[in-house]
Amino acid sequence: MSTQESTVQPLTQHAMTRAELLALPTSVDLTTANRALGIGRSTGYALVRQGEYPCKVLRAGKRLRVVTADLWAVLGVADDRAHAA
């Protein structure tokens with residue numbers, strides 16, 4: 001029997017770097033926020049439904065947006081550009 005290399009892909013994409021996080025717009029879709037937090041799609045939507053998502057979620061019709069400043073706060077990422085003068 002030969003051994004085969006696993007081709008299983010992770011459920012979420014790679015974690016976001018600090019630079020990627022700081023480049024985000026004022027609000028992001030739930031998929032992007034889930035990726036930043038390292039949680040899967042189903043878990044993210046379940047947390048929103050339960051009112052337990054760790055960041056402020058805005059509803060715009062059927063769309064869900066996450067406030068980037070809240071996302072940064074949860075992740076402990078500071079935007080040092082605001083202090084640079």
Side-chain angles (χ1 to χ4, degrees):
M1 261 181 142
S2 66
T3 58
Q4 293 181 345
E5 197 172 314
S6 176
T7 58
V8 176
Q9 297 293 320
L11 295 177
T12 58
Q13 295 179 357
H14 68 85
M16 296 180 92
T17 65
R18 185 175 191 280
E20 288 174 316
L21 288 168
L22 291 176
L24 293 174
T26 305
S27 69
V28 295
D29 60 19
L30 195 65
T31 301
T32 302
N34 290 344
R35 180 176 159 223
L37 293 167
I39 60 177
R41 182 179 187 277
S42 306
T43 301
Y45 280 96
L47 290 171
V48 170
R49 278 193 306 277
Q50 297 164 6
E52 295 181 12
Y53 201 81
C55 305
K56 184 173 184 177
V57 177
L58 306 173
R59 293 180 186 270
K62 291 185 178 185
R63 294 178 181 234
L64 298 172
R65 303 292 294 179
V66 175
V67 177
T68 302
D70 288 349
L71 181 61
W72 289 345
V74 168
L75 294 171
V77 175
D79 185 1
D80 297 331
R81 296 172 297 179
H83 300 293

(message) To check you understand the geometry: which heavy-atom pair defines the closest contact between Y45 and L64, and what is its length?
(response) CE2-CD1, 3.8 Å
(message) Looking at every non-hydrogen atom in both residues, tell me the closest pair between V66 and A33 and how far apart they are.
(response) CG2-CB, 3.7 Å
(request) Could I get the full list of side-chain hydrogen bond (donor to acceptor under 3.5 Å, both in side chains) partners for D70, not counting sequence neighbours? (result) none
(request) Step by step, work out the side-chain contact (heavy atoms from CB on, under 4.5 Å) result for L37 and L71. (result) CA-CA 8 Å; L37 293 167; L71 181 61; 3.7 Å; yes
(request) May I ask whether V67 and L75 are part of the same hydrophobic cluster, defined by side-chain heavy atoms of I, L, V, M, F, W, Y residues being less than 4.5 angstrom apart, directly or through others? (result) no
(message) Show me the pairs that pass side-chain hydrogen bond (donor to acceptor under 3.5 Å, both in side chains) and involve residues 49-60, at least two apart or across chains.
(response) N34-Y53
(request) Could you list the residues that satisfy side chain to side chain contact (heavy atoms under 4.5 Å, CB included) with T32, not counting sequence neighbours? (result) M16, L24, V28, D29
